[in-house]
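See below for the structure under consideration.
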Amino acid sequence: MEELKATPLRADHENLKALMAPFGGWLMPIQYSGIIAEHKWCREKAALFDICHMGEFLCKGDVVANGLENVFTFSVKSIPVGRSRYGFLLNDAGGVIDDLIVFRLAEDEVMIVVNAATTDNDFAVIRSRLKDPAALTDISARTGKVDLQGPLSREIMVRHFGAAIQDIPFFKFIKTSILGSDAIVSRTGYTGELGYEIFLPADKVAEFWRLLLEDPRVAPAGLGARDLLRLEMGYSLYGNDLDEQITPLTAGLSTFVNMNKEFVGKAALEREMEQGSFRMKVAFKVDSRRAPRHHYQILQEGDEVGVVTSGAFSPMLACGIGLGLVKPEAAALGTRLTIKQDRVEMEAQVVELPFYTGGSLRS
Amino acid sequence: MAKFYTKEHEWVEMAGAQATVGISEHAAHELGDITYVELPKIGKSVKQFDALAAIESVKAASDIYAPVSGKVAEVNQALDDAPELVNQGAESQGWICKLEGVNEAELGALMDAAAYDEYLKGL
């Protein structure tokens, strides 16, 4: 077995008595005080997440000349400097190699932020598609990332790191200085709340983390709470709701695919559009507090029609919620579904996303 | 009255011929935040170590097995809306159900508190 990697905050997590577990090749904090308490803290105050496991690449040069423009499902050259865009890296069959965000740092420089487990493969794939492979550098090891998310996150960030943060709009970022080092503060996140993703040198992360935790409005939250928060918004988790066998069209994410440009996998998506998808993403709410879970079967009137890709008990809705892939005929809003695994069985109904609409995301 | 435990981390406490059943503090702690308890139907008869109820936490779904044979006489209805009571007191207000018609001889197959403590140390 490969040895687990640790973030610069490992000792801090241990001091906070976090429950640690492997995630994407890393030893990560799953919970501190408790998953539901941390989830609630994020919805009401400001929760601090160690996200140092995610990967970051820099790509230098003109994005058309170096070939980056045709690597992802969205246009990079049309991202204004200071903005970021979400989308996909696909294989030839249109399957998702990774979902990622590209930050336009300058006319001739972008940062690509990718999932932890996929970092090495993403780097190799992106590099192989560039006309100038040397343009791409993996800066994951020297880059730290911490997310502060919750309705109070703006006032906390402004108080500690200056007024420049006050006016960052959603999906925009600023380059600034934190603790004497260059940092990027981005108004993005994975929780449905107002919040920031902060990139700073790995060797500054612990100091930053401790400083924020001195604020009584801030509490640490682990990957357990993060998973509940993202699922209440219906955000996909790579490895569960997205993988190399699932296309963005199947996953209901065509908004993040620009068919008016070239990219690897486009021909396969055109075929899927023509022929129709053989399965589709569906969001469903359970009639009880029972939680659907990854790999549970989905049935419609007794026939198996699909599988659960993500599921949990939603503290905000006080019922089970889930995402799944089903035959298209079972995906219509209002469809009644049965979710089943061994002795566990629950009734559910297809609903619209997001499950939770009360977040401070755009406030 | 003494409390007895199973290897699957249920507890049972006798009062006359009636037994109160729940999951141990240790089990509740391991499960984390409890989000759902499937209570058994009143009148249901179970044999010792058969599936009796089910419990879910943010992390996992598990079955609860009957520590002794009997017939379900009462269930802790409060858990329907407040399953977190199990986290707050798994061996007090978080009890699951009461069984009647229990044969005390079956307690011999269970552990007392001291033996259960030893058992936990070995896990």
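A note on names: the letters A, B, ... follow the listed sequences, proteins ahead of strands, and every chain is numbered from 1. All heavy atoms count here, side chains included; hydrogens, waters and symmetry mates do not.
Of the two parts of Q341(A), neither the backbone nor the side chain holds a non-hydrogen atom closer than 4.5 Å to a non-hydrogen atom of chain B. Of the atoms belonging to N87(B), not a single heavy atom falls under 4.5 Å from chain A. With a 4.5 angstrom heavy-atom cutoff, I30(A) does not touch chain B via any of its atoms. Neither the backbone nor the side chain of A312(A) comes within less than 4.5 Å of any heavy atom in chain B.
Between V58(B) and R293(A) the shortest heavy-atom distance is O-NH1, 3.8 Å.
Summarising the local packing, CG of N15(A) is surrounded by more than 12 heavy atoms from other residues, nucleotides or ligands at distances under 6.0 Å. M280(A) CE: 12 or fewer foreign heavy atoms inside a 6.0 Å radius. The 12-atom threshold is exceeded at NZ of K44(B), counting heavy atoms of other residues, nucleotides or ligands nearer than 6.0 Å.
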Which is it for R289(A) and E56(B) under the salt bridge (charged side-chain N to carboxylate O under 4.0 Å, His left out) test, yes or no, and what are the steps along the way?
CA-CA 9 Å; R289(A) 296 175 62 101; E56(B) 295 197 359; over 6 Å; no
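From D33(B), atom CG reaches atom NE2 of H39(A) across 11.0 Å, with rounding to the nearest 0.5 Å. Annotation: the span from E30(B) atom CD to L19(A) atom CG amounts to 9.0 Å, rounded to 0.5 Å.
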